[in-house]
Amino acid sequence: MANETNDQEIPLTRGAYDDMQRELDHLRTTGRREIAEEVREAWDSEFDKDEDVAVPVMAAKEDQSMLEGRIALLEETLARATVIDEAAVRASDTVQIGSVVVVTLDDGAEHVYQIVSSAESDPSSGKVNSESPVGAAVLGKRAGDTVEVVAPAGTLHMTIKELR
């Protein structure tokens with residue numbers, strides 16, 4: 001979400017929205033309870049040993065801070081989220097956020113990408129950020145279009161084979 005301003009809507013697929021909501025619910029309940037116990041145990045165990053309490057307590061507090069940061073990020077993302085109408089995206093003949101795109105490279109290699117917002121991006125599972133070189137190059141294009149992608153590894157030429 002680095003390039004998205006605080007008032008900008010964040011398009012999410014229904015699955016991503018639901019996953020984030022489940023994670024948020026889990027962190028608010030189970031996650032907070034577990035961290036509170038971790039902090040309590042850090043205090044108790046070190047006081048029992050009469051040692052320096054700072055290190056384990058600080059580690060537990062750092063975990064707590066990271067948990068609260070994740071909760072805040074999920075809350076902000078979900079508050080600004082707009083669930084994509086995936087049926088409308090599939091019916092469209094142009095690439096947009098939510099589209100599943102099959103591309104062919106010059107060497108004949110075929111790749112399948114889903115174009116998503118940065119909040120949902122996961123390149124290892126084929127979910128490509130719409131602001132990435134590939135995502136930006138294919139947005140608004142149609143099947144049959146060829147695009148040039150300038151990437152760190154060099155310039156690639158991709159032909160959009162189909163939209164799914």
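Bear in mind the structure is a predicted one, so any value in this text is a computation, not a measurement. What's counted below: heavy atoms across the whole structure, side chains too, no hydrogens, waters or symmetry copies.
A donor-acceptor pair is defined here as one N or O able to donate and one able to accept, closer than 3.5 Å; such a pair exists between the side chain of Glu86 and the backbone of Arg14. One N or O on the side chain of Glu120 and one on the backbone of Thr13 form a donor-acceptor pair closer than 3.5 Å. Side-chain N or O atoms of Arg80 include none that pairs as donor or acceptor with a backbone N or O of Ile10 at under 3.5 Å. Formation of a donor-acceptor pair under 3.5 Å by the Ser92 side chain with backbone atoms of Thr94 is found in this model. For the pair Gln114 (side chain) and Ser99 (backbone), a donor-acceptor distance under 3.5 Å is absent.
Distance check: Asp63 CG to Glu38 CD gives 4.5 Å after rounding to the nearest 0.5 Å. Considering CD of Gln21 and CD of Glu75, their distance stands at 9.5 Å, rounded to 0.5 Å. Atom CG of residue Asn129 and atom OH of residue Tyr113 lie 13.5 Å apart, to the nearest 0.5 angstrom. With values rounded to the nearest 0.5 angstrom, Glu37 atom CD is found 4.5 Å from Glu41 atom CD. Here CG of Leu27 is found 9.5 Å from CD of Glu34. Values are rounded to the nearest 0.5 Å. To the nearest 0.5 Å, atom OG of residue Ser65 and atom CE of residue Met58 are 9.5 Å apart.
Linking ILVMFWY residues whenever their side-chain heavy atoms come closer than 4.5 Å, directly or via other members, places Val103 and Val134 in the same cluster. In terms of hydrophobic clustering, with Ile, Leu, Val, Met, Phe, Trp and Tyr side chains grouped at heavy-atom distances under 4.5 Å, Val150 and Met158 are assigned to different clusters. Placement of Val95 and Val149 within a single hydrophobic cluster is found when ILVMFWY residues are connected by side-chain heavy-atom separations under 4.5 Å, directly or transitively. Val116 and Val100 fall into different hydrophobic clusters, where Ile, Leu, Val, Met, Phe, Trp and Tyr are joined by side-chain heavy atoms under 4.5 Å apart, directly or via other members. If you chain together hydrophobic residues whose side chains sit under 4.5 Å apart, Val102 and Leu163 never meet in one group.
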Full working for side chain to side chain contact (heavy atoms under 4.5 Å, CB included) between Arg164 and Val112: CA-CA 9 Å; Arg164 294 184 181 161; Val112 179; 3.9 Å; yes
Trace of the side chain to side chain contact (heavy atoms under 4.5 Å, CB included) decision for Leu67 with Arg32: CA-CA 8 Å; Leu67 175 98; Arg32 280 181 170 154; 3.6 Å; yes
Stepwise side chain to side chain contact (heavy atoms under 4.5 Å, CB included) check, Lys61 with Val39: CA-CA 7 Å; Lys61 289 290 196 176; Val39 170; 4.2 Å; yes
Derivation of the salt bridge (Lys or Arg N to Asp or Glu O under 4.0 Å) call for Arg22 and Asp25: CA-CA 5 Å; Arg22 276 190 294 278; Asp25 292 343; over 6 Å; no
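Between Ile97 and Ser117, the shortest heavy-atom distance links the atoms CG2-N, 4.0 Å.
Counting heavy-atom neighbours within 6.0 Å of Lys161 NZ, excluding the residue itself, gives a total of 12 or less. Crowding of Glu110 atom CD: a count of heavy atoms from other residues, nucleotides or ligands under 6.0 Å exceeding 12.
Residues Leu73 and Arg70 are in side-chain contact: their nearest non-hydrogen atoms beyond the backbone lie under 4.5 Å apart. A heavy-atom distance below 4.5 Å is found between the side chains of Ile71 and Leu24.
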